Amino acid sequence: MPADKSDDIRIGVFICHCGSNIAGYLDMEALGTYAETLPNVAFVQRNLYTCSEGGINEIKKAIGQQNLNRVVVASCTPRTHEPLFRSSCGEAGLNPYLFEMVNIRDQCSWVHMQEKEEGTNKAKDLIRMGVAKAALLEPQKPIMSPVFPRALVIGGGISGMTAALALANRGYEVVIVEREGRLGGMLLDLNRLGPSMTDALQLAESTVKAVSCHPKITVFTGSRVTGVEGFIGKYSADIETPTGGKKIDLGVVIIATGARVFVPAGLYGYDAERVITQLEFEPRLKQGIDPSIKSVVMIQCVGARNEERPYCSRICCQTAVKNALLIKEKDPDTKVTILYRDMQMYGVENEEMFRESKAKGIRYVNYNPDRPPQVQAGSVLVYNALLGKDMELPAHMVVLSTPLLSREDSDEVGKLIRVPVDANGFFLEGHVKLKPLDFATDGVFLCGSARFPANIREAIAQGLGAASRASIPLSKGSVVVEPIISVLADMDACRGCGLCVALCPYGALEIQKTDKGRKVKVIDVACKGCGVCAATCYQHALTINSFTDNQIDAQIEAFLG
Amino acid sequence: MVDSNLQTEDRDVLQDLAERYGVEGVRSCYACGTCAAGCPARRVNPAYNPRKIIRMLVLNEAKSLLEKDTIWLCSSCYTCQERCPQGIKITDLITALRNLAVQQGRSPSGVGMQANLVRSQGRLYALDEFDDKKRKKAGLPSLSPQIEEAVRLLKEES
């Protein structure tokens, strides 16, 4: 077995042709000959595809036979291939972090297709720099940290309860913290849920019952999370409950704080009596609307899609259509008109419900926000652009479809857990497509209307999804993290100024009091190795493994020399 | 289901369209304008707008629609009907509206004259000597100015 570390540095350089991607545009033979002249290089090989099984075997063979203790692959991008080459080194008994990758394809052969000589010279520079850095690489060990098998779910609405149940049914302990006096959230205020017209209270009650009876779930109602410290696997939360403060240990956090409805004070004569919101309309529909009401006008996008709130709340159109159908179900003779800007009826079932509503005589009239409808005593006046005139619609009752807003304190909660919110105050997921239920910070997940207005079906689906994501670290019992992270290389240099702590996007740094004064501490598992702290530290106290000042200096010197 | 939003007269029009002429689903129109965009008659005379005609039917304006000449501008090319994403039989609808208008004694004067021509001669455009000359040159037999079979059928129908 070759030694990981030895005074005699023996670097193997593997130059990949990448079929014709590199070999078609650069002088490969010249690159090979040149690499042999570089300091510490003991072995050079060119391969048609270094990433093929044959190429990988060549690397492994050379590590053994040539006694290599550093490997450089000059090929494509580390984004796709570094993990493969690293693990191959590991399989051959070399510490995987004694591997360096040089990209002579993406920004070299591909962009210099017409300049073979200059392209080849640039590839030589890049290989020389990679070899210079490789000589200074240090072996690293993956970091492991245990995960406390308990989840905190903030918010006891349908999404949070669903997530909690899913985790608890897998055998993990769950703590739900609900601000209100009882579980259920906004679901408690709803009548029936479209498009299936399920009874909301039934769903709420059965879910609350399942949560309350579950031996693995602890519920704190009328309570708030006042502090969260730690990192994935090792969080500790302060909870303020009616019976006093509590401190609990946990491994993961799910944010399910939901949303609230916009109250349209001062808009369209809103008076919470004749002119009401869809949310206020729900209990009235449940009790049965006053039979004297023979005409209802609904207005969409009230207080939404304007300068102040530029977003579409997504769920108000389906709510309006659903409620309009429920009016018709009770009394087909009641006139229902929906004034809209654009109908947002995504999904097959919603579209079907929309068609059904038209067939049942619910009337849709488009309005222009520059000429909004006017609510009058007994009627609503709306300008119809196609007819080119005002229409007066009788209206015993006016129902305003208002958007869901983010929680007043979402920003505060975000800061508490160190996760971001968007311009509208909704929590911002890690990636809109690839990480829809995760945050960029490991170990924190989100679901339901805390993320963006969601209907019940979506809130449940997201709750199940977030639970599934959260159960990955919980079931593994530990997290393994890449060791390419920030380290406090020079403790004496650190003055504990906290600039790096403020800038760290992952909450991976904290200031600690030591006998030498205030010093920064890196939380290994939380660090992603982005390098912001090391770049910021004016004392050069912090450095990043595998990107140390020494190594980067050596690269620069190799380039200039 | 009956549209409670509509006044009786307009309601009757929609019911008539559905029951007598098989034109259904008019209310499923979402005003996309595909019909108006492809309409060749509209290109010649912008007063003709099938989208607006459907809106008027849905929004209580059927009465004024029947009073106007615009429904008579349709060239019956069926482009709108072919293209309607909601499957509304728009051209059939226009024909039905014309029938309703005639029943109510409302039609532009030219339409009556054309109808008389068809009724008496069996064709919309009268034949003259010029047509026969052209036919002769092409080696075709001359035509009778009146299509007797058509006239007979029309008489039987009425």
Side-chain angles (χ1 to χ4, degrees), chain A residues 291 293-298 300 317 321 324-325 327-346 350-368 373 379-396, chain B residues 1-15 17-19 22-37 39 42 46-68 70-71 80 84-90 93:
Chain A
I293 288 170
K294 288 308 221 179
S295 56
V296 179
V297 171
M298 297 183 180
Q300 301 303 107
C317 282
V321 175
L325 275 169
I327 299 173
K328 283 281 182 190
E329 186 187 279
K330 219 149 228 171
D331 178 9
D333 283 336
T334 306
K335 297 177 184 183
V336 187
T337 306
I338 296 180
L339 310 183
Y340 70 97
R341 283 169 61 188
D342 300 284
M343 289 304 288
Q344 171 73 284
M345 295 294 286
Y346 58 91
N350 283 337
E351 188 65 35
E352 210 46 61
M353 190 166 75
F354 189 28
R355 284 182 75 94
E356 185 195 340
S357 76
K358 285 176 175 175
K360 288 200 168 150
I362 291 153
R363 189 204 280 179
Y364 293 86
V365 180
N366 182 259
Y367 78 87
N368 182 339
S379 72
V380 174
L381 208 62
V382 59
Y383 176 75
N384 186 296
L386 200 57
L387 300 184
K389 62 179 188 186
D390 280 323
M391 294 170 62
E392 190 173 0
L393 308 165
H396 293 145
Chain B
M1 186 173 287
V2 185
D3 186 347
S4 57
N5 279 304
L6 295 178
Q7 286 144 15
T8 327
E9 196 176 330
D10 290 44
R11 209 184 286 188
D12 289 347
V13 170
L14 275 183
Q15 209 156 346
L17 287 172
E19 286 168 12
V23 179
E24 282 172 335
V26 177
R27 274 188 302 256
S28 64
C29 166
Y30 44 48
C32 67
T34 301
C35 51
C39 176
R42 181 169 161 71
Y48 179 71
N49 182 348
R51 169 161 72 162
K52 188 171 176 182
I53 288 171
I54 292 176
R55 263 321 74 187
M56 288 173 81
L57 277 176
V58 178
L59 301 178
N60 254 341
E61 303 269 336
K63 190 164 165 272
S64 67
L65 188 60
L66 294 179
E67 283 167 359
K68 283 180 183 152
T70 43
I71 51 170
C80 53
C84 176
Q86 291 293 79
I88 303 169
K89 293 179 180 169
I90 305 174
L93 164 77

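Naming: A, B, ... by sequence-line order, numbering from 1 per chain. All heavy atoms count here, side chains included; hydrogens, waters and symmetry mates do not. Worth saying up front: this structure is predicted, and the values here are computed from it rather than measured.
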Query raised in the report: Could you give the distance from OG (B/Ser28) to OH (A/Tyr364), rounded to the nearest 0.5 Å?
Result: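 Between B/Ser28 OG and A/Tyr364 OH, I get 12.0 Å after rounding to 0.5 Å.
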Report task. Sequence neighbours left out, what passes side-chain contact (heavy atoms from CB on, under 4.5 Å) with B/Lys89? Give chain and number order. Result ->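 Result, side-chain contact (heavy atoms from CB on, under 4.5 Å) vs B/Lys89: B/Gln81, B/Asp92.
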Query raised in the report: Which residues from residues 386-393 of chain A are near chain B, with near meaning under 4.5 Å between non-hydrogen atoms?
Result: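 If one takes a 4.5 Å heavy-atom cut-off, the residues of residues 386-393 of chain A near chain B are A/Leu386, A/Leu387, A/Lys389, A/Met391.
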**Report entry** Positive for side chain to side chain contact (heavy atoms under 4.5 Å, CB included) with B/Tyr30, one of A/Lys358, A/Arg355, A/Met343
**Finding:**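 Result for side chain to side chain contact (heavy atoms under 4.5 Å, CB included) with B/Tyr30: A/Lys358.
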Requested in this report: Answer with side chain, backbone, both or neither: which region of A/Asn384 has an atom nearer than 4.5 Å to a non-hydrogen atom of chain B?
Outcome: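 Just the side chain, heavy atoms under 4.5 Å.
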**Report entry** Residue list, side-chain hydrogen bond (donor to acceptor under 3.5 Å, both in side chains) with B/Lys68, at least two apart or on another chain
**Finding:**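 B/Lys68: no side-chain hydrogen bond (donor to acceptor under 3.5 Å, both in side chains) contacts found.
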Requested in this report: Quick one: list whatever passes side-chain hydrogen bond (donor to acceptor under 3.5 Å, both in side chains) with B/Arg51, sequence neighbours left out.
Outcome: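 Here no residue qualifies.
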